There are 2 protein chains.
Amino acid sequence: MDTRERLIESTRALLWEYGYVGTSPKAIQQRAGAGQGSMYHHFRGKPDLALAAITRSAEELRDRAEAEFAGPGAPVQRITAYLRREREALRGCPVGRLTQDRDVMADPTLRRPVEETFAWLRTRLAGVLAEARVDGELDTALDPAATATALVAVLQGGYVLARAAGDAEVYAQAVDGALGLLTGHVH
Amino acid sequence: MDTRERLIESTRALLWEYGYVGTSPKAIQQRAGAGQGSMYHHFRGKPDLALAAITRSAEELRDRAEAEFAGPGAPVQRITAYLRREREALRGCPVGRLTQDRDVMADPTLRRPVEETFAWLRTRLAGVLAEARVDGELDTALDPAATATALVAVLQGGYVLARAAGDAEVYAQAVDGALGLLTGHVH
DNA sequence: GTCTATAGGACGATAGAC
DNA sequence: GTCTATCGTCCTATAGAC
(Lines give C-alpha, C1' and ligand atoms only; values in the text may rest on other atoms or scores of the structure.)
Protein backbone atom coordinates (compact mmCIF):
# COMPACT_ATOMS: atom_id res chain seq x y z
CA MET A 1 0.00 0.00 0.00
CA ASP A 2 1.56 3.30 -1.04
CA THR A 3 1.60 6.47 1.01
CA ARG A 4 -1.42 8.04 -0.62
CA GLU A 5 -3.41 4.89 0.01
CA ARG A 6 -2.29 4.68 3.64
CA LEU A 7 -3.32 8.29 4.16
CA ILE A 8 -6.83 7.59 2.86
CA GLU A 9 -7.26 4.44 4.93
CA SER A 10 -5.96 6.16 8.05
CA THR A 11 -8.37 9.01 7.52
CA ARG A 12 -11.25 6.58 7.09
CA ALA A 13 -10.44 4.87 10.35
CA LEU A 14 -9.99 8.10 12.29
CA LEU A 15 -13.09 9.70 10.78
CA TRP A 16 -15.06 6.65 11.83
CA GLU A 17 -13.79 6.73 15.39
CA TYR A 18 -13.27 10.42 16.11
CA GLY A 19 -15.31 12.26 13.52
CA TYR A 20 -14.15 15.12 11.36
CA VAL A 21 -13.52 17.72 14.06
CA GLY A 22 -11.77 15.13 16.20
CA THR A 23 -9.43 14.04 13.43
CA SER A 24 -6.26 16.09 13.01
CA PRO A 25 -3.84 16.01 10.09
CA LYS A 26 -1.13 15.15 12.58
CA ALA A 27 -3.00 12.08 13.78
CA ILE A 28 -3.62 10.99 10.20
CA GLN A 29 0.07 11.34 9.38
CA GLN A 30 1.18 9.38 12.41
CA ARG A 31 -1.24 6.55 11.74
CA ALA A 32 -0.20 6.46 8.10
CA GLY A 33 3.48 6.71 8.93
CA ALA A 34 3.81 9.74 6.70
CA GLY A 35 5.18 13.23 7.29
CA GLN A 36 3.52 16.61 6.91
CA GLY A 37 5.05 17.28 3.53
CA SER A 38 3.93 13.90 2.31
CA MET A 39 0.33 14.52 3.22
CA TYR A 40 0.23 17.98 1.72
CA HIS A 41 1.87 16.70 -1.42
CA HIS A 42 -0.88 14.15 -2.06
CA PHE A 43 -3.79 16.23 -0.79
CA ARG A 44 -4.60 19.91 -0.68
CA GLY A 45 -5.55 19.70 3.00
CA LYS A 46 -7.83 18.09 5.51
CA PRO A 47 -11.08 18.59 3.58
CA ASP A 48 -9.56 17.15 0.40
CA LEU A 49 -8.32 14.08 2.23
CA ALA A 50 -11.63 13.70 4.03
CA LEU A 51 -13.45 13.76 0.70
CA ALA A 52 -11.38 10.84 -0.56
CA ALA A 53 -12.02 8.92 2.66
CA ILE A 54 -15.74 9.65 2.80
CA THR A 55 -16.25 8.81 -0.85
CA ARG A 56 -14.61 5.46 -0.38
CA SER A 57 -16.60 4.61 2.76
CA ALA A 58 -19.79 5.56 0.95
CA GLU A 59 -18.94 3.33 -1.99
CA GLU A 60 -18.11 0.46 0.30
CA LEU A 61 -21.42 0.74 2.14
CA ARG A 62 -23.30 0.87 -1.12
CA ASP A 63 -21.48 -2.09 -2.64
CA ARG A 64 -22.11 -4.28 0.38
CA ALA A 65 -25.79 -3.40 0.47
CA GLU A 66 -26.21 -3.96 -3.24
CA ALA A 67 -24.63 -7.39 -2.94
CA GLU A 68 -27.41 -8.37 -0.56
CA PHE A 69 -30.26 -6.63 -2.31
CA ALA A 70 -29.30 -8.22 -5.62
CA GLY A 71 -28.45 -11.56 -4.03
CA PRO A 72 -30.26 -14.88 -4.25
CA GLY A 73 -33.57 -15.65 -2.58
CA ALA A 74 -36.99 -14.06 -2.36
CA PRO A 75 -37.21 -10.30 -1.70
CA VAL A 76 -38.15 -10.64 1.98
CA GLN A 77 -35.32 -13.09 2.47
CA ARG A 78 -32.85 -10.64 0.93
CA ILE A 79 -34.11 -7.85 3.15
CA THR A 80 -33.75 -10.08 6.20
CA ALA A 81 -30.22 -10.96 5.15
CA TYR A 82 -29.39 -7.29 4.79
CA LEU A 83 -30.82 -6.37 8.18
CA ARG A 84 -29.24 -9.32 9.92
CA ARG A 85 -25.80 -8.91 8.44
CA GLU A 86 -23.20 -8.74 11.14
CA ARG A 87 -22.05 -5.21 11.82
CA GLU A 88 -19.67 -3.58 14.24
CA ALA A 89 -22.52 -2.15 16.26
CA LEU A 90 -20.42 -0.33 18.84
CA ARG A 91 -18.35 1.39 16.21
CA GLY A 92 -21.45 2.67 14.48
CA CYS A 93 -21.97 3.40 10.80
CA PRO A 94 -18.96 5.05 9.16
CA VAL A 95 -21.24 7.06 6.89
CA GLY A 96 -24.16 7.74 9.21
CA ARG A 97 -21.75 9.06 11.79
CA LEU A 98 -20.74 11.92 9.53
CA THR A 99 -24.28 13.16 9.70
CA GLN A 100 -23.51 14.47 13.20
CA ASP A 101 -20.42 16.27 12.02
CA ARG A 102 -21.15 19.94 11.51
CA ASP A 103 -18.10 20.62 9.36
CA VAL A 104 -19.01 17.76 7.05
CA MET A 105 -22.66 18.70 6.63
CA ALA A 106 -21.81 22.38 6.19
CA ASP A 107 -19.51 21.61 3.26
CA PRO A 108 -21.57 20.71 0.16
CA THR A 109 -18.71 18.72 -1.30
CA LEU A 110 -18.20 16.56 1.78
CA ARG A 111 -21.91 16.29 2.34
CA ARG A 112 -22.84 15.00 -1.07
CA PRO A 113 -21.55 11.41 -0.71
CA VAL A 114 -23.39 11.10 2.61
CA GLU A 115 -26.62 12.43 1.16
CA GLU A 116 -26.39 10.28 -1.95
CA THR A 117 -25.61 7.12 -0.04
CA PHE A 118 -28.72 7.25 2.11
CA ALA A 119 -30.92 8.46 -0.73
CA TRP A 120 -29.77 5.47 -2.76
CA LEU A 121 -30.13 3.06 0.17
CA ARG A 122 -33.69 4.09 0.93
CA THR A 123 -34.71 3.98 -2.70
CA ARG A 124 -33.04 0.66 -3.35
CA LEU A 125 -34.60 -0.98 -0.30
CA ALA A 126 -37.99 0.47 -1.25
CA GLY A 127 -37.53 -1.22 -4.61
CA VAL A 128 -36.98 -4.63 -3.03
CA LEU A 129 -40.01 -4.08 -0.79
CA ALA A 130 -42.08 -3.18 -3.86
CA GLU A 131 -40.82 -6.37 -5.47
CA ALA A 132 -41.98 -8.35 -2.46
CA ARG A 133 -45.36 -6.73 -2.70
CA VAL A 134 -45.76 -7.53 -6.38
CA ASP A 135 -44.79 -11.12 -5.63
CA GLY A 136 -47.64 -11.23 -3.12
CA GLU A 137 -45.08 -11.81 -0.39
CA LEU A 138 -45.83 -8.59 1.45
CA ASP A 139 -48.92 -6.84 2.73
CA THR A 140 -50.13 -4.30 0.14
CA ALA A 141 -51.03 -1.93 2.98
CA LEU A 142 -47.35 -1.17 3.53
CA ASP A 143 -45.90 1.80 1.72
CA PRO A 144 -42.54 0.65 0.32
CA ALA A 145 -40.86 4.06 0.59
CA ALA A 146 -41.92 4.75 4.18
CA THR A 147 -41.19 1.19 5.23
CA ALA A 148 -37.73 1.35 3.67
CA THR A 149 -36.96 4.61 5.47
CA ALA A 150 -38.14 3.12 8.76
CA LEU A 151 -35.98 0.02 8.32
CA VAL A 152 -32.85 1.97 7.46
CA ALA A 153 -33.62 4.20 10.44
CA VAL A 154 -33.76 1.15 12.70
CA LEU A 155 -30.20 0.29 11.69
CA GLN A 156 -28.91 3.83 12.16
CA GLY A 157 -30.78 4.23 15.41
CA GLY A 158 -29.68 0.78 16.50
CA TYR A 159 -26.10 1.99 16.39
CA VAL A 160 -27.01 4.96 18.55
CA LEU A 161 -28.74 2.81 21.15
CA ALA A 162 -25.99 0.20 21.17
CA ARG A 163 -23.38 2.88 21.77
CA ALA A 164 -25.49 4.49 24.47
CA ALA A 165 -25.82 1.14 26.23
CA GLY A 166 -22.25 0.12 25.53
CA ASP A 167 -23.70 -3.16 24.34
CA ALA A 168 -23.77 -4.45 20.77
CA GLU A 169 -26.67 -6.70 21.70
CA VAL A 170 -28.98 -3.69 21.76
CA TYR A 171 -28.36 -3.24 18.05
CA ALA A 172 -29.42 -6.83 17.46
CA GLN A 173 -32.51 -6.25 19.57
CA ALA A 174 -33.54 -3.28 17.43
CA VAL A 175 -33.21 -5.43 14.32
CA ASP A 176 -35.18 -8.22 15.98
CA GLY A 177 -37.91 -5.78 16.86
CA ALA A 178 -38.07 -4.49 13.32
CA LEU A 179 -38.24 -8.00 11.89
CA GLY A 180 -40.94 -8.85 14.40
CA LEU A 181 -42.98 -5.94 13.14
CA LEU A 182 -42.30 -6.79 9.51
CA THR A 183 -43.18 -10.45 9.91
CA GLY A 184 -46.82 -9.67 10.63
CA HIS A 185 -47.05 -8.26 7.11
CA VAL A 186 -45.42 -11.18 5.32
CA HIS A 187 -47.71 -13.78 3.79
CA MET B 1 -31.40 34.19 34.15
CA ASP B 2 -28.14 34.42 36.09
CA THR B 3 -24.70 33.80 34.72
CA ARG B 4 -24.45 30.22 35.85
CA GLU B 5 -27.76 29.47 34.20
CA ARG B 6 -26.78 31.19 30.96
CA LEU B 7 -23.58 29.18 30.87
CA ILE B 8 -25.48 25.91 31.15
CA GLU B 9 -28.04 26.87 28.52
CA SER B 10 -25.34 28.06 26.15
CA THR B 11 -23.47 24.81 26.59
CA ARG B 12 -26.63 22.82 25.92
CA ALA B 13 -27.22 24.69 22.67
CA LEU B 14 -23.62 24.41 21.50
CA LEU B 15 -23.33 20.76 22.49
CA TRP B 16 -26.46 20.06 20.48
CA GLU B 17 -25.19 21.84 17.40
CA TYR B 18 -21.45 21.27 17.47
CA GLY B 19 -20.91 18.33 19.80
CA TYR B 20 -18.42 18.14 22.64
CA VAL B 21 -15.20 18.38 20.64
CA GLY B 22 -16.62 21.19 18.56
CA THR B 23 -17.67 23.24 21.57
CA SER B 24 -15.00 25.48 23.10
CA PRO B 25 -15.13 27.26 26.44
CA LYS B 26 -14.58 30.47 24.54
CA ALA B 27 -17.67 29.91 22.40
CA ILE B 28 -19.71 29.08 25.48
CA GLN B 29 -18.58 32.27 27.22
CA GLN B 30 -19.38 34.43 24.22
CA ARG B 31 -22.83 32.95 23.79
CA ALA B 32 -23.52 33.33 27.50
CA GLY B 33 -22.08 36.82 27.61
CA ALA B 34 -19.69 35.81 30.34
CA GLY B 35 -15.94 36.10 30.71
CA GLN B 36 -13.32 33.44 31.26
CA GLY B 37 -13.09 34.04 34.98
CA SER B 38 -16.82 33.85 35.31
CA MET B 39 -17.01 30.46 33.72
CA TYR B 40 -14.16 29.00 35.72
CA HIS B 41 -15.66 30.42 38.87
CA HIS B 42 -18.94 28.54 38.42
CA PHE B 43 -17.48 25.38 36.89
CA ARG B 44 -14.26 23.48 37.21
CA GLY B 45 -13.83 23.29 33.45
CA LYS B 46 -15.36 22.09 30.23
CA PRO B 47 -16.22 18.56 31.41
CA ASP B 48 -17.91 19.89 34.54
CA LEU B 49 -19.99 22.34 32.55
CA ALA B 50 -20.82 19.68 29.99
CA LEU B 51 -22.05 17.39 32.75
CA ALA B 52 -24.50 20.04 33.93
CA ALA B 53 -25.71 20.60 30.37
CA ILE B 54 -26.00 16.92 29.48
CA THR B 55 -27.80 16.09 32.71
CA ARG B 56 -30.37 18.78 32.06
CA SER B 57 -30.95 17.72 28.46
CA ALA B 58 -31.37 14.14 29.59
CA GLU B 59 -33.92 15.13 32.23
CA GLU B 60 -35.82 17.20 29.72
CA LEU B 61 -36.01 14.34 27.25
CA ARG B 62 -37.19 12.01 29.95
CA ASP B 63 -39.81 14.38 31.31
CA ARG B 64 -41.31 15.00 27.90
CA ALA B 65 -41.48 11.32 27.10
CA GLU B 66 -42.98 10.48 30.47
CA ALA B 67 -45.68 13.10 29.94
CA GLU B 68 -46.81 11.23 26.85
CA PHE B 69 -46.37 7.71 28.15
CA ALA B 70 -48.37 8.55 31.26
CA GLY B 71 -50.88 10.69 29.36
CA PRO B 72 -54.51 10.01 28.59
CA GLY B 73 -55.75 7.46 26.07
CA ALA B 74 -55.15 3.82 25.32
CA PRO B 75 -51.56 2.53 25.28
CA VAL B 76 -51.25 2.40 21.50
CA GLN B 77 -52.65 5.89 21.27
CA ARG B 78 -50.05 7.15 23.75
CA ILE B 79 -47.28 5.46 21.81
CA THR B 80 -48.52 7.03 18.60
CA ALA B 81 -48.62 10.43 20.27
CA TYR B 82 -45.05 9.96 21.46
CA LEU B 83 -43.80 8.90 18.03
CA ARG B 84 -45.68 11.63 16.22
CA ARG B 85 -44.71 14.44 18.53
CA GLU B 86 -43.20 17.28 16.59
CA ARG B 87 -39.44 17.35 16.83
CA GLU B 88 -36.70 19.46 15.33
CA ALA B 89 -35.67 16.70 12.98
CA LEU B 90 -32.78 18.52 11.32
CA ARG B 91 -31.22 19.43 14.63
CA GLY B 92 -31.29 15.84 15.77
CA CYS B 93 -31.64 14.48 19.28
CA PRO B 94 -29.66 16.48 21.85
CA VAL B 95 -28.95 13.32 23.84
CA GLY B 96 -28.58 10.80 21.02
CA ARG B 97 -26.07 13.07 19.38
CA LEU B 98 -23.67 12.69 22.28
CA THR B 99 -23.44 9.03 21.48
CA GLN B 100 -21.19 9.93 18.56
CA ASP B 101 -18.92 12.03 20.71
CA ARG B 102 -15.84 10.10 21.67
CA ASP B 103 -14.87 12.36 24.55
CA VAL B 104 -18.33 12.02 26.07
CA MET B 105 -18.55 8.26 25.76
CA ALA B 106 -15.01 7.79 27.01
CA ASP B 107 -15.78 9.68 30.24
CA PRO B 108 -17.92 7.51 32.55
CA THR B 109 -19.34 10.56 34.29
CA LEU B 110 -20.48 12.25 31.09
CA ARG B 111 -21.61 8.99 29.62
CA ARG B 112 -23.89 7.93 32.46
CA PRO B 113 -26.79 10.33 31.78
CA VAL B 114 -26.79 9.29 28.13
CA GLU B 115 -26.78 5.62 28.97
CA GLU B 116 -29.47 5.97 31.62
CA THR B 117 -31.74 8.04 29.43
CA PHE B 118 -31.96 5.48 26.68
CA ALA B 119 -32.12 2.55 29.08
CA TRP B 120 -35.08 4.23 30.77
CA LEU B 121 -36.72 5.16 27.47
CA ARG B 122 -36.56 1.65 26.08
CA THR B 123 -37.81 0.09 29.30
CA ARG B 124 -40.59 2.62 29.74
CA LEU B 125 -41.83 2.20 26.17
CA ALA B 126 -41.64 -1.57 26.53
CA GLY B 127 -43.90 -1.18 29.56
CA VAL B 128 -46.53 0.69 27.60
CA LEU B 129 -46.33 -1.92 24.84
CA ALA B 130 -46.80 -4.66 27.43
CA GLU B 131 -49.79 -2.76 28.73
CA ALA B 132 -51.25 -2.67 25.24
CA ARG B 133 -50.73 -6.39 24.95
CA VAL B 134 -52.45 -7.14 28.23
CA ASP B 135 -55.35 -4.95 27.12
CA GLY B 136 -55.66 -7.13 24.05
CA GLU B 137 -54.84 -4.11 21.94
CA LEU B 138 -51.61 -5.51 20.57
CA ASP B 139 -50.53 -8.74 18.91
CA THR B 140 -49.11 -11.13 21.52
CA ALA B 141 -46.50 -12.24 19.00
CA LEU B 142 -44.64 -8.95 19.48
CA ASP B 143 -41.89 -8.87 22.06
CA PRO B 144 -42.35 -5.61 24.00
CA ALA B 145 -38.64 -5.09 24.73
CA ALA B 146 -37.46 -5.68 21.15
CA THR B 147 -40.32 -3.66 19.70
CA ALA B 148 -39.57 -0.77 22.04
CA THR B 149 -35.90 -0.78 21.06
CA ALA B 150 -36.85 -0.83 17.39
CA LEU B 151 -39.25 2.09 17.78
CA VAL B 152 -36.76 4.22 19.68
CA ALA B 153 -34.19 3.31 17.03
CA VAL B 154 -36.54 4.55 14.31
CA LEU B 155 -36.59 7.96 15.96
CA GLN B 156 -32.84 8.12 16.43
CA GLY B 157 -32.21 6.80 12.94
CA GLY B 158 -34.86 9.13 11.56
CA TYR B 159 -32.77 12.06 12.73
CA VAL B 160 -29.74 10.62 10.97
CA LEU B 161 -31.60 10.15 7.70
CA ALA B 162 -33.28 13.55 7.87
CA ARG B 163 -29.93 15.24 8.39
CA ALA B 164 -28.37 13.22 5.58
CA ALA B 165 -31.16 14.29 3.24
CA GLY B 166 -31.28 17.82 4.58
CA ASP B 167 -35.03 17.30 4.80
CA ALA B 168 -37.09 17.04 7.98
CA GLU B 169 -39.78 15.21 6.02
CA VAL B 170 -37.59 12.12 5.93
CA TYR B 171 -37.87 11.90 9.70
CA ALA B 172 -41.66 11.98 9.40
CA GLN B 173 -41.47 9.27 6.76
CA ALA B 174 -39.50 6.99 9.06
CA VAL B 175 -42.14 7.45 11.76
CA ASP B 176 -44.90 6.79 9.22
CA GLY B 177 -43.16 3.62 8.15
CA ALA B 178 -42.84 2.46 11.73
CA LEU B 179 -46.50 3.17 12.46
CA GLY B 180 -47.46 1.37 9.27
CA LEU B 181 -45.60 -1.68 10.50
CA LEU B 182 -47.07 -1.41 13.99
CA THR B 183 -50.63 -0.98 12.76
CA GLY B 184 -50.72 -4.49 11.36
CA HIS B 185 -50.31 -5.78 14.90
CA VAL B 186 -53.00 -3.63 16.49
CA HIS B 187 -56.40 -5.20 16.97
C1' DG C 1 -18.23 37.23 41.03
C1' DT C 2 -15.98 39.10 37.20
C1' DC C 3 -12.04 40.93 34.73
C1' DT C 4 -7.50 40.75 32.11
C1' DA C 5 -3.09 38.61 31.37
C1' DT C 6 -0.67 34.79 30.40
C1' DA C 7 0.66 29.99 29.54
C1' DG C 8 1.84 25.67 26.99
C1' DG C 9 0.19 23.03 23.64
C1' DA C 10 -2.42 21.54 19.47
C1' DC C 11 -4.42 22.85 14.99
C1' DG C 12 -4.13 23.38 10.00
C1' DA C 13 -1.23 25.00 6.68
C1' DT C 14 2.96 26.88 4.08
C1' DA C 15 7.94 27.32 2.69
C1' DG C 16 11.80 25.70 1.05
C1' DA C 17 15.68 22.28 1.35
C1' DC C 18 16.85 17.71 -0.24
C1' DG D 1 8.06 12.63 -2.91
C1' DT D 2 9.49 13.49 1.60
C1' DC D 3 11.70 16.18 5.22
C1' DT D 4 12.15 19.97 8.78
C1' DA D 5 11.19 24.63 10.13
C1' DT D 6 8.01 27.99 10.88
C1' DC D 7 3.57 30.50 11.14
C1' DG D 8 -0.66 32.49 13.13
C1' DT D 9 -4.55 30.92 15.45
C1' DC D 10 -7.29 28.57 18.66
C1' DC D 11 -7.68 25.50 22.74
C1' DT D 12 -8.20 24.81 27.78
C1' DA D 13 -6.78 26.41 31.88
C1' DT D 14 -4.49 29.23 35.68
C1' DA D 15 -3.13 33.51 38.16
C1' DG D 16 -4.06 37.37 40.31
C1' DA D 17 -6.13 42.10 40.35
C1' DC D 18 -10.47 44.37 41.25
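Computed from a predicted model, the values in this text were never measured in an experiment. Note that these values count all heavy atoms, side chains included, but never hydrogens, waters or copies made by symmetry. Per chain, numbering begins at 1; letters A, B, ... match sequence-line order.
For the pair A/E66/A/W120, a side-chain contact is recorded, criterion being any heavy-atom separation below 4.5 Å from C-beta on. Counting only heavy atoms from C-beta outward, the side chains of B/W16 and B/C93 never approach each other to under 4.5 Å. Taking 4.5 Å as the limit, every side-chain heavy atom of A/Q36 sits out of range of all side-chain heavy atoms of A/K26.
Side chain to side chain, B/T99 and A/R163 fail the donor-acceptor criterion of an N or O pair below 3.5 Å.
Between the CD atom of B/Q29 and the P atom of D/dC10 there is a distance of 14 Å, given to the nearest Å. Atom NE2 in B/H41 sits roughly 16 Å away from atom C1' in D/dA13 (whole-Å rounding). The separation between B/K26 atom NZ and D/dT9 atom P is 11 Å, rounded to whole Å. Rounded to whole Å, atom P of D/dC10 lies 15 Å from atom OH of B/Y18. D/dT2 atom C1' lies 12 Å from atom CG of A/L7, rounded to whole Å. Between B/I28 atom CD1 and D/dC10 atom P the separation is 17 Å, expressed in whole Å.
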Where protein sits on nucleotides 13-18 of chain C, one letter per nucleotide: B base, S sugar-phosphate only, - none, heavy atoms under 4.0 Å: BB----
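The cationic atom of A/R87 (NZ for Lys, CZ for Arg) lies less than 6.0 Å from the six-membered ring centre of A/Y82 and within 45° of the ring axis.
At the phosphate of D/dT2, OP1 or OP2 sits under 4.0 Å from a side-chain N or O atom of A/T3. For B/H42 and C/dT2, the shortest distance from a side-chain N or O to OP1 or OP2 is below 4.0 Å.
Checked against ring-ring contact (aromatic ring centres under 6.0 Å, His included), A/F43 has no partners two or more places apart in sequence or in another chain.
Place B/Y20 and A/G35 on DNA chain D by their nearest nucleotides, and A/G35 ends up nearer the 5' end.
Distances from the side chain of B/S24 to the nucleotides D/dT2, C/dC11, D/dT12 place D/dT12 closest.
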